[in-house]
Protein chains: 2
Amino acid sequence: MGYSIGQTAKMMNVTTHTLRYYEKEGLLPFVRKNASGLRVFSDNDLGWLAMIECLKETGMPLKGIKQYIDWYIEGDATLQQRLDMFKAQKQKVEEQIALYRKHLDKINYKINMYTEAVKRGSWDKMMEEKLLAEEKKKRFGK
Amino acid sequence: MGYSIGQTAKMMNVTTHTLRYYEKEGLLPFVRKNASGLRVFSDNDLGWLAMIECLKETGMPLKGIKQYIDWYIEGDATLQQRLDMFKAQKQKVEEQIALYRKHLDKINYKINMYTEAVKRGSWDKMMEEKLLAEEKKKRFGK
DNA sequence: ACATAATATAGAGTTAGCTTTAAGTCCGAT
DNA sequence: ATCGGACTTAAAGCTAACTCTATATTATGT
């Protein structure tokens, strides 16, 4: 019913250094310490870490995550802010996915061109110019 | 048939500083300068910038982008490397999208919980524990 | 012609998010 | 009881990708 910093680090795929750093930055305000000063992580703490991971990997800076945690500590008066934050994050992620898709199209186009080029053993300038014209249209066409 | 650094910056949504920085880092080896030393960007350069943007925004570090450019300059002998690079990038983007989706699910769950909580005006610990149990199952269940 | 806006170079400074180092203390096993 | 490994704090160091400063030169509008 409690994990050492090392066990926690392994489970959450981070280093012990990172966990201490997060704590110092105020991202883990609920972690206890035992009689000899060692950190004891609870399942609840792992839950917080999972959420930190989620927000971090979707592009929220640690400061933003800390803000959420501070709101959480403040209590029910900040429920609306927290909801708004998650809604904003949702939108950000959806936009990000859309952007990735757009870039994926370009990458696929390049893969087609290079697959051709590798087959022929040479890079065809014509293809590049065609792509360039396409790009240009996109930039000015809107 | 040529753009100043300022025009280019505006078109590509970057600063002039960034463009000079990219050039210094070897990411824009084809940009010319006129008689008095001012940079003149061609449509081809804008094409390169669009590709830099694509690779950068899909998570490739500038060093990786420079590697591609160096391969390009080397010529047809590196066609296979360049194809492989785009294939690897494609996979990375697809994985990233999958991860974002997973995180989006978590965020949506939170939004539901907080929407409820805001309606009732208080945060229900029960809900949190339910979510926690879910998390725990995911971590150990695989 | 002249003010001012844009550009040039070189180099220092900034920010986020770790990562490493130094100098220890604590604990489990032989 | 002692050794290796995990842990402690505090602080310096690192990397990426800009961002800004200072000083000088060039281009543009009236």
Side-chain angles (χ1 to χ4, degrees), chain A residues 2-29 31-42 45 48-70 89 92 96 99 103, chain B residues 1-42 45-46 48-70 89 92 96 103:
Chain A
Y3 314 96
S4 74
I5 193 170
Q7 290 175 308
T8 307
K10 239 170 242 166
M11 279 190 286
M12 302 310 290
N13 271 308
V14 292
T15 69
T16 56
H17 297 298
T18 301
L19 289 176
R20 286 191 211 98
Y21 171 69
Y22 281 179
E23 187 180 320
K24 202 180 63 180
E25 297 298 306
L27 269 63
L28 297 168
V31 176
R32 311 261 176 177
K33 297 196 180 179
N34 68 13
S36 37
L38 304 192
R39 289 171 185 78
V40 181
F41 288 76
S42 69
D45 294 322
W48 278 103
L49 277 168
M51 216 207 34
I52 289 170
E53 185 191 21
C54 170
L55 293 175
K56 188 175 69 86
E57 291 188 347
T58 52
M60 183 177 289
L62 299 190
K63 270 184 191 172
I65 300 173
K66 178 166 169 37
Q67 172 66 272
Y68 170 69
I69 289 166
D70 290 345
Q89 193 66 8
K92 242 187 60 180
Q96 194 58 49
L99 183 63
H103 287 326
Chain B
M1 231 261 72
Y3 314 97
S4 74
I5 193 170
Q7 290 174 311
T8 307
K10 238 172 242 165
M11 280 189 286
M12 302 310 290
N13 270 308
V14 292
T15 68
T16 57
H17 297 298
T18 301
L19 289 177
R20 286 191 208 101
Y21 169 70
Y22 282 179
E23 185 180 320
K24 202 179 61 179
E25 296 298 306
L27 269 65
L28 298 169
F30 308 120
V31 176
R32 310 260 174 178
K33 297 195 181 178
N34 67 16
S36 37
L38 303 193
R39 289 172 183 79
V40 181
F41 288 75
S42 68
D45 294 324
L46 298 194
W48 279 103
L49 277 167
M51 216 205 36
I52 289 170
E53 185 191 21
C54 169
L55 294 174
K56 187 175 71 87
E57 289 187 349
T58 53
M60 184 178 288
L62 299 190
K63 270 184 190 173
I65 300 173
K66 177 166 169 36
Q67 172 66 272
Y68 170 69
I69 290 165
D70 289 346
Q89 193 65 8
K92 243 187 62 181
Q96 194 58 46
H103 287 325

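Proteins come first, then strands; the chains are lettered A, B, ... in the order of their sequence lines, and each starts at number 1.
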Is the shortest side-chain N/O distance from B:Ser4 to OP1 or OP2 of C:dT7 below 4.0 Å?
yes
Before you tell me yes or no, could you show the steps for A:Val40 and A:Tyr3 under side chain to side chain contact (heavy atoms under 4.5 Å, CB included), namely the whole-Å CA-CA distance, both residues' side-chain angles and the distance that decides it to 0.1 Å?
CA-CA 5 Å; A:Val40 181; A:Tyr3 314 96; over 6 Å; no
What is the distance, rounded to the nearest whole Å, between atom CD of A:Gln7 and atom P of C:dC27?
15 Å
Along DNA chain C (nearest heavy atom to each residue), the more 5'-positioned of A:Thr18 and A:Asn34
A:Thr18
What is the distance from CZ of B:Phe41 to C1' of C:dA6, rounded to the nearest Å?
14 Å
When rounded to whole Å, the OH to P distance for the pair A:Tyr3 and D:dC7 reads 15 Å
Gap between atoms CD and C1', on B:Glu25 and D:dC18 respectively (whole Å):
10 Å
Tested for side chain to side chain contact (heavy atoms under 4.5 Å, CB included) against A:Thr58, the lone hit among A:Gln96, A:Lys92, A:Gln89, A:Glu53 is A:Gln89
Identified side chain to side chain contact (heavy atoms under 4.5 Å, CB included) counterpart of A:Arg20 within the set A:His17, A:Glu23, A:Lys24
A:His17
Any side-chain N or O of B:Tyr22 below 4.0 angstrom from OP1/OP2 of D:dC18?
yes
May I ask you to evaluate whether B:Lys63 reaches the phosphate of D:dA16, defined as a side-chain N or O under 4.0 Å from OP1 or OP2?
yes
Donor-acceptor pair, side chain of B:Asp45 and main chain of B:Ser42, under 3.5 angstrom:
yes
Among C:dG17, D:dA27, D:dT19, the nucleotide that comes nearest once only the side chain of A:Tyr21 is considered:
C:dG17
Given the rule in the side chain to side chain contact (heavy atoms under 4.5 Å, CB included) test, do A:Tyr68 and A:Met51 qualify, once you have shown the distances and angles that lead to the verdict?
CA-CA 11 Å; A:Tyr68 170 69; A:Met51 216 207 34; 3.3 Å; yes
Set out, line by line, the N/O atom pairs under 3.5 Å between protein and nucleotides 8-13 of chain C.
unit_1	atom_1	unit_2	atom_2	d
C:dA8	OP1	B:Arg39	N	2.7
C:dA8	OP1	B:Arg39	NH1	2.9
C:dA8	OP2	B:Arg20	NE	3.0
C:dA8	OP2	B:Arg20	NH2	3.2
C:dA8	OP2	B:Arg39	NH1	3.1
C:dA8	O5'	B:Arg39	NH1	3.3
C:dT9	OP1	B:Lys33	NZ	2.5
C:dT9	OP2	B:Arg39	NH1	3.1
C:dT9	OP2	B:Arg39	NH2	2.5

Identify whether any heavy atom of B:Thr15 sits under 4.0 Å from a base atom; if not, whether one sits that close to sugar-phosphate; answer base, sugar-phosphate or nothing.
nothing
Main-chain N/O of B:Val14 paired to B:Thr18 side chain as donor or acceptor, under 3.5 Å
no
